[in-house]
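Heads up: the structure comes next, in structure tokens.
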2 protein chains.
Amino acid sequence: MGRGGIRKGAGRPKGQGKYNEPTKPIRIPESMISDVMKYLSIKGYKLPLYASTVQAGFPSPADDYIEQQLDLNQHLIKHPTATFFVRAAGNSMVGAGIHSGDILIVDRSLNPKSGKIVIAAIDGQLTVKRLSKTSKGLFLKAENDQYQAIKINDASDVVIWGVVTSVIHKV
Amino acid sequence: MGRGGIRKGAGRPKGQGKYNEPTKPIRIPESMISDVMKYLSIKGYKLPLYASTVQAGFPSPADDYIEQQLDLNQHLIKHPTATFFVRAAGNSMVGAGIHSGDILIVDRSLNPKSGKIVIAAIDGQLTVKRLSKTSKGLFLKAENDQYQAIKINDASDVVIWGVVTSVIHKV
DNA sequence: CATTTAGAATAATGTACATTATTCAAAAAA
DNA sequence: TTTTTTGAATAATGTACATTATTCTAAATG
């Protein structure tokens, strides 16, 4: 027989699902399913950024000192469709913190203003230089005295590819 | 009346969906839906990495010169659950390409071997130094002559937080 | 009275199905 | 014959629903 009757408070308790919040089914292309699962499992690659100057003693990184949660892609790439990477070669820009082998993040949608570090194709050769506009004209300057500044004029075959926003240096 | 009858080849043609491949509904926590959508729209943040030394003239980045497709998170972070970021302060490690204000990527799961750059808490103060094991003992050395090496012994209150794998420098 | 048990209640989750979008071609109209 | 129309065919997509998981308590049991 039924042992029924109303019983308040029964039922599976809320908030014990995998994500501890409501979910919705979203269609994902099959080739991306595993990537998306991974992305979800680490909560969108949002990792803690700690403040550098910390006072107390530390057994382990404590949540109290988290400055913010950071996703490298979102933090470093503002215009995904206009961004690409280039590997730097040579030491002409060490003064700007760019070493040989570093990966440069380049945004093609940014305006190459004077003072910005840009990727330029000079006669078909890619280089990274600082753009400098003076009364004498527009120049591409290395951050290293051993290199000569290159003057840009209509005759010179120079194409600015984009503006360098960050440098990734492996140690 | 019906104008019916069998007609082969009719129907919406395959491969004109948003992703041009079959999809499956996957449950996504509501707070992550927009993130996942964005992630999908740019195909998982995989952006082109170009070779630095290019020969031909370039009207625009050409596919022929793509070295590989890169996702910064996947490229820089091998152990997401063990990785965190710290902002560097001071100039004791400029020799290693670490400038004040840079974001350091730190992997706690890597073994802090001699020669590696590590994040250490010395008496509760976070610092970045190179670990050096010599016949005289274990040291934390700055990459800058103005700073004194710190000897690690049992008495000293030093905790190694993790190994620095990469440096992100904004220009 | 103490213990066990069979639904009742509700959250979490995966997938079947209904809906929408699009193209094709037979039949109707011109 | 040429053009137009309308239902057939099929892909794409969103969501309702069925299923599963979990906890609670009234009733049954001893």
Side-chain angles (χ1 to χ4, degrees), chain A residues 1-49 60-64 66 68-75 77-84 109, chain B residues 1-48 61 63 66 68-74 77-84 108-109:
Chain A
M1 288 270 94
R3 314 187 184 202
I6 198 161
R7 47 188 64 91
K8 266 174 50 183
R12 181 175 181 169
K14 211 172 176 179
Q16 56 166 39
K18 210 190 314 187
Y19 304 110
N20 197 26
E21 70 173 296
T23 62
K24 273 188 79 164
I26 301 289
R27 280 198 174 268
I28 308 287
E30 283 180 359
S31 68
M32 297 286 291
I33 289 179
S34 58
D35 275 352
V36 168
M37 297 286 223
K38 192 175 177 188
Y39 182 80
L40 286 176
S41 71
I42 49 184
K43 294 202 282 190
Y45 269 103
K46 285 184 177 32
L47 303 184
L49 168 64
S60 71
D63 290 345
D64 298 350
I66 293 178
Q68 62 184 114
Q69 300 284 120
L70 215 63
D71 177 326
L72 280 189
N73 282 333
Q74 288 179 25
H75 182 70
I77 301 169
K78 304 301 180 192
H79 309 106
T81 55
T83 297
F84 63 90
S109 71
Chain B
M1 289 269 93
R3 315 182 182 206
I6 198 163
R7 48 188 65 92
K8 266 175 46 185
R12 181 175 181 169
K14 213 172 177 177
Q16 57 166 38
K18 210 189 315 186
Y19 304 111
N20 197 25
E21 71 174 294
T23 62
K24 273 187 77 163
I26 301 289
R27 279 198 174 268
I28 309 286
E30 283 180 359
S31 67
M32 297 285 292
I33 288 178
S34 58
D35 276 352
V36 168
M37 297 286 225
K38 194 174 175 188
Y39 182 80
L40 286 176
S41 71
I42 50 184
K43 293 201 283 191
Y45 269 104
K46 284 185 177 32
L47 303 184
D63 290 345
I66 293 178
Q68 61 183 116
Q69 299 284 121
L70 214 63
D71 177 325
L72 279 188
N73 282 333
Q74 288 178 24
I77 301 169
K78 304 301 180 194
H79 308 106
T81 56
T83 297
F84 62 91
R108 283 171 63 75
S109 70

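Throughout, protein chains are lettered first and strands after them, A, B, ... in sequence-line order, and every chain is numbered starting at 1.
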Given atom [atom1] of [X] and atom [atom2] of [N], what is their separation to the nearest angstrom?
X: A/N20; N: C/dA12; atom1: CG; atom2: C1'; answer: 12 Å
X: A/K24; N: D/dC17; atom1: NZ; atom2: P; answer: 15 Å
X: A/I26; N: D/dA16; atom1: CD1; atom2: C1'; answer: 15 Å
X: A/I28; N: C/dT15; atom1: CD1; atom2: P; answer: 15 Å
X: B/K14; N: C/dT22; atom1: NZ; atom2: P; answer: 18 Å
X: A/R12; N: D/dT22; atom1: CZ; atom2: P; answer: 5 Å
X: B/E30; N: C/dT13; atom1: CD; atom2: P; answer: 13 Å
X: A/R27; N: C/dT15; atom1: CZ; atom2: P; answer: 12 Å

ask   = Under 4.0 angstrom, heavy atoms only, what part of the nucleic acid is A/P22 near: base, sugar-phosphate, or nothing?
value = nothing
Please indicate whether [X] has more than 12 foreign heavy atoms, meaning atoms of other residues, nucleotides or ligands, lying under 6.0 Å from its [atom1].
X: B/K24; atom1: NZ; value: no
X: A/K38; atom1: NZ; value: no
X: A/K43; atom1: NZ; value: no

inquiry  = Measuring from the side chain of A/P25 (C-beta onward, heavy atoms only), which nucleotide among C/dT23, D/dT13, D/dA16 has the closest atom?
reply    = D/dA16
ask   = Checking side chain to side chain contact (heavy atoms under 4.5 Å, CB included) for the pair B/I77/A/L72: CA distance, chi angles, key distance, verdict?
value = CA-CA 10 Å; B/I77 301 169; A/L72 280 189; 4.0 Å; yes
message = If you assign B/Q16 and A/E21 each to the DNA chain C nucleotide with the nearest heavy atom, which residue ends up on the more 5' nucleotide?
response =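 Result: A/E21.
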